[in-house]
There are 2 protein chains.
Amino acid sequence: MSRTTDFKKEEIIEKAMQVFWEKGYDQTSLKDLIDATGLLKGSLYNTFGSKEKLFLECLEYYGQFSRSRHYKDGDPVLYLKKFFKRLIEEGVDRDFRKGCLIMNSCLEFANQENALAKKAQTLFAATELNLKNVAELACAQQNKNSEKLKTNLITAAFSIREISKFRKDKKFLTQIANRALEDFGVQL
Amino acid sequence: MSRTTDFKKEEIIEKAMQVFWEKGYDQTSLKDLIDATGLLKGSLYNTFGSKEKLFLECLEYYGQFSRSRHYKDGDPVLYLKKFFKRLIEEGVDRDFRKGCLIMNSCLEFANQENALAKKAQTLFAATELNLKNVAELACAQQNKNSEKLKTNLITAAFSIREISKFRKDKKFLTQIANRALEDFGVQL
DNA sequence: AAATTTCTTGACCAATCGGTCAAAATAGAT
DNA sequence: ATCTATTTTGACCGATTGGTCAAGAAATTT
């Protein structure tokens, strides 16, 4: 009865997200999105409505990706070790300066109060909740107060992600992680 | 023998710096700079040559401002307490979402390797050196290894500055500071 | 007061920004 | 094969980007 799209929406979101992740929202132009997705301006607007709405879908997509790496089961302390090990590995990679799209967006929209800022902060809260859950499980094993430990974890994760953008210093980044991990009696 | 400028260069740099500090380099347009300084485009280019060169002068100016708050003498631990107290006070201020221009610039130019990125990282190193010096003095008093403590200090300062942009949570920010200060046997 | 040098001004530049839209192309239902 | 709903396409929009430049204004030296 009518023509169908030549592309899969999710594939477009995935490609657009990569550009937004690398360059940030404002620094990503429509031309960038066109080049990355292979769609033309009209199709892009026909499908997503605006650059802002497309970004929201990309944020949500990244949120799914992020949640897929949240703690599910197993040893919570081991999860934390693997978690920080990965952050550092990505952090020292010279080709990886993108950080975390959620944190990037929280910072980029910090002095705004629009849908983008709100969405970014909601996703940040989810990331935080993940670490909070892990911290509580680990603390239950060790009979400790988890509130400060939770702050330490999210702060360490944030710091490693952001500082590693401009400082590819494994020792430095590992010290940050170890400072949070020592609460749980382990080190990298 | 010739006409003199109607303005003082330093006053222009100060005003331009405020805009760059609030909005970042790329998000600051020439119109913003014109509005903030009161100069017209021609005068701006006649005086500074380009937006980039103007920004470099602003960065240097901020660097002086930053250095003016570095440790000079007195009790190093007391300096640290005041240092973090101020960071948190500014951090919870709803009208203060600018963070630190040096850290902002390190992040903004993280995936570039131009004069701007270089300059920002050089200034970051100076900030770091300040905290390192203080840490060593304080450690000498207390017979401790200062290397990890130095990392903790700069990481805490960075985290408070950045996280406070989008999270005006005094308790949270204080926990970050206290985590670094506990090494020196004090708390906020 | 005149001469000289510099600063100030505003018009102008090409390029790009996010976004719109009418016409052409096309896939599916009949 | 035809009809129809939808997508694709590329031209076009006004606004803004960073930057240039010639002409006019003005301050200082002589």
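Each chain gets a letter, A, B and so on, in the order the sequences are listed, and its residues count up from 1. Note: hydrogens, waters and symmetry copies are ignored here, and every other heavy atom, side chains too, is used.
Here the P atom of nucleotide C/dG19 and the CG atom of A/Leu54 are 10 Å apart, to the nearest Å. Spacing between atom CG of B/Asp26 and atom P of C/dC17 amounts to 12 Å, rounded to whole angstrom units. Counting to the nearest Å, the P atom of C/dC13 and the OH atom of B/Tyr45 are 18 Å from each other. Remark: P of D/dT7 and NZ of A/Lys9 are 11 Å apart, rounded to the nearest angstrom. As a whole-Å value, the separation of B/Gln27 CD from C/dG18 C1' is 13 Å. For A/Leu116 and C/dG18, the CG to C1' distance is 14 Å, given to the nearest whole Å. Counting to the nearest Å, the C1' atom of C/dT20 and the NZ atom of A/Lys53 are 14 Å from each other. For the pair B/Glu52 CD and D/dG18 C1', the interatomic distance rounds to 12 Å; values are reported in whole Å.
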Ring pair (Phe, Tyr, Trp, His ring centres under 6.0 Å), that's the test. Do B/Phe55 and B/Phe48 meet it? Break it down for me.
CA-CA 9 Å; B/Phe55 184 73; B/Phe48 299 101; over 10 Å; no
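Taking a 4.0 Å limit (strictly below) on heavy-atom distances, residues 29-44 of chain A reaches DNA chain D at A/Leu40, A/Gly42, A/Ser43.
Aromatic ring centres of A/Phe124 and B/Phe166 lie closer together than 6.0 Å. For B/Tyr71 and B/Phe83, the distance between ring centers is not under 6.0 angstrom. A centroid separation of 6.0 Å or more is found between the aromatic rings of B/Phe20 and B/Tyr62.
A donor atom on one side chain and an acceptor atom on the other are not found under 3.5 Å apart for B/Asn104 and B/Lys23. With no hydrogens or angles considered, no side-chain donor-acceptor pair links B/Lys119 and B/Asn114 at under 3.5 Å.
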